[in-house]
Amino acid sequence: MALKPVLGKLGSKRVVLASASPRRQEILCNVGLRFEVVPSWFKETLEKSSFATPYKYAIETAKQKALEVANRMHVKHLRTPDIVIGADTIVTVDEYILEKPVDKQDAYRMLSRLSGKEHSVFTGVAIVHCNSKDNRLETEVTDFYEETKVKFADLSEELLWDYIHSGEPMDKAGGYGIQALGGMLVEYVHGDFLNVVGFPLNHFCKKLVELYYPPPKHTLHHIKHDSVPSVETFENISDEESDSSSPIQYKDAIKMDRSKLHSSGGGCSPGSSNIIKPNCMVPVENWNGVMENPDKFPSKIVELLDGFRASKALFVASKLKVFDLLKNKGVLQSVDVANTINASVCGTERLLDACAALGLLEKTIQGYSNTDSANTYLASDSEDSLHGYIIHSNDHLWPLFTHLESAVKEGTMQNYRAFGKKSENLFQDSYYQSMEVKQRFMAAMHSIAKLTAKDVATAFDLSQFRSACDLGGCTGALANELVQKYPNLKVTVFDLPEVIANVSHFQPVGQHTAPVTFTSGDFFKDNLPAADLYILSRILHDWTDEKIHVLLSKISAACKPGCGLLLSEMVLDDEKKNRSTALLQSLNMLVQTEGKERSGSEYQSLLEHHGFTSVKIRLTGNLLDAIFCTKC
Ligand SMILES: O=c1[nH]cc([C@@H]2O[C@H](COP(=O)(O)OP(=O)(O)OP(=O)(O)O)[C@@H](O)[C@H]2O)c(=O)[nH]1
């Protein structure tokens with residue numbers, strides 16, 4: 001089969017897509033590529049005039065996006081990926097480079113410029129091969145671009161504004177999505193359609209052929225970064241024809257992976273399982289597990305089927321403090337872990353093996369140890385620990401999700417079924433009913449807030465504000481980040497008395513926190529503290545539209561003209577079909593609250609209803625996006 005070997009070459013590698021674009025994810029997913037998504041934090045601010053041609057700008061941006069992710073994953077001691085893919089799509093018309101519109105007016109400017117004309121869509125792509133040597137990251141970049149010409153029909157003002165109000169233009173280069181409503185504006189397309197959508201799949205596959213099926217004596221050094229590929233087709237290649245299975249310099253890395261696999265033990269007999277016996281190894285071909293017939297295997301479905309097992313393995317290892325133990329002790333054999341956590345050797349070994357295969361632990365002949373990312377995110381005492389959220393997921397969300405079927409049928413929360421208690425007053429009844437549950441919930445919210453605070457705090461320039469009030473700001477994690485970023489800002493965290501009574505042990509040690517103060521109250525019932533910036537982080541998604549109107553009208557009444565309102569939530573795309581994490585979060589809200597996740601347009605209309613204008617949305621690529629607006 002002609003297509004199989006091209007992408008199959010990536011099957012044994014850890015591939016990361018450095019892009020938050022759901023379209024790019026979908027294009028690559030649809031062809032069966034297995035990859036992780038780590039959106040790039042690189043801000044698209046390169047000086048355009050310093051590039052001789054627009055495509056060089058797109059290529060450089062794509063390269064910087066991919067390198068930022070490769071470096072971050074390496075520096076943060078996550079497992080270094082083998083390949084990071086970055087892309088950047090731009091539109092050029094009349095010497096202008098158009099990227100994503102920043103607001104509706106900007107979308108209007110772009111679309112009226114495109115009306116009735118032919119324009120070019122360029123996507124620059126960077127394929128970064130990574131190798132970690134002596135703790136240093138080595139990268140080899142291959143890049144290219146693709147151009148597609150698109151002609152727009154004449155757009156009437158009415159059509160143009162109708163389209164803008166659909167919300168579709170906002171996260172798309174040139175302000176349109178050819179794959180959806182935007183397709184109605186297009187008279188013709190010359191070139192690769194998927195290139196317009198955000199990823200030139202055909203050219204990408206040709207590049208892979210160049211990289212993985214090079215003609216004899218060809219090496220990566222001969223690849224010109226912006227060269228048009230010399231391979232015209234990838235149709236007639238197969239593994240047999242190839243003289244190389246990977247770019248030469250990565251063969252060693254593959255060998256290393258194989259040796260790791262060879263050292264895995266297999267038995268489940270107490271006491272003996274920590275001894276790895278090389279003579280027990282059965283000769284197995286194809287250790288990398290590259291599918292012979294990937295197009296016949298429902299890998300996405302199998303991954304989903306397995307998803308709950310992987311989650312539960314992570315939860316149980318966290319609950320049993322495996323990551324804490326290994327952080328303190330370094331390397332341990334399964335029997336020692338089992339003895340310390342008071343569990344069976346047989347069960348512990350299987351759990352440890354599963355965690356190692358999931359990339360959470362390292363397994364060597366000496367035993368098991370934490371990966372760097374387990375030390376950073378899974379040990380309960382580390383600065384960026386997600387332990388609180390993991391335990392909350394296990395103890396609170398898991399039981400709720402077992403009643404998802406009822407939640408879907410009934411359209412309501414499942415707190416009573418899961419915990420035998422009605423949630424008439426959501427927070428009092430579900431989260432603050434006992435000290436233990438309250439602390440667990442606060443630790444969970446703190447974990448998520450810590451993980452997202454930087455991206456939320458820097459999503460917009462808030463430097464003009466002097467006082468902020470974070471309504472429902474819980475432990476103050478976002479407030480603490482904001483005062484670091486904006487030294488002239490003072491933040492009041494306003495939350496229920498039960499919460500404020502418990503915030504002290506979440507405060508950063510040795511950090512100057514004086515500009516953050518805590519005030520107790522109920523934002524539905526009490527007067528709001530005065531401020532010129534109000535913040536609602538993960539608040540609106542808990543409530544119905546009716547309750548949101550009550551809250552927004554209170555905030556609006558407290559705001560003077562020019563005051564700001566910052567929301568942070570997971571923002572759904574308007575079609576509600578692309579952002580799976582946010583859509584799953586909406587199910588999460590169904591099982592436990594009256595609320596739901598909403599799209600950018602839905603938030604916009606709620607906000608505009610209360611006199612907030614210039615609504616801007618920034619998808620951060622992190623677990624929370626940011627929405628900013630001002631009171632007019
Ligand atoms: O017809 C369409 N044209 C373009 C798009 C989408 O537009 C964006 C382009 O933006 P960019 O390349 O900067 O990518 P981001 O979305 O910001 O994601 P990164 O994290 O990769 O920077 C891209 O999403 C295209 O898919 C479209 O959908 N239709």
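Each ligand, and each atom within it, is numbered from 1 in the order the structure gives. As the structure is a computational prediction, the values presented were derived from the model and not from experiment.
The proximity of R23 to ligand 1, defined as any non-hydrogen pair under 4.0 Å, is limited to the side chain. The backbone and the side chain of A20 each have at least one atom closer than 4.0 Å to an atom of ligand 1 (non-hydrogen atoms only). Residue D171 touches ligand 1 through its backbone alone, judged by heavy-atom distances below 4.0 Å. Residue-level proximity to ligand 1 for K65 is carried by the side chain, the only part with a heavy atom below 4.0 angstrom.
The shortest contact between atom 1 (O) of ligand 1 and any protein heavy atom is with I178 N, 2.7 Å. The protein atom (non-hydrogen) at minimum distance from atom 5 (C) of ligand 1 is V197 O, 3.6 Å. Annotation: atom 10 (O) of ligand 1 to nearest protein heavy atom, K100 CD, 3.6 Å. Here the protein heavy atom with the shortest distance to atom 28 (O) of ligand 1 is Q179 NE2, 2.8 Å.
Considering backbone and side-chain atoms together, E44 places an N or O closer than 3.5 Å to an N or O of ligand 1.
Counting heavy-atom neighbours within 6.0 Å of I301 CD1, excluding the residue itself, gives a total of 12 or less.
Judged by distance alone, the side chain of Q604 and the main-chain N or O of V615 form no donor-acceptor pair under 3.5 Å.
Ring geometry for Y145 versus F122: interplanar angle of 30 to 60°, hence tilted.
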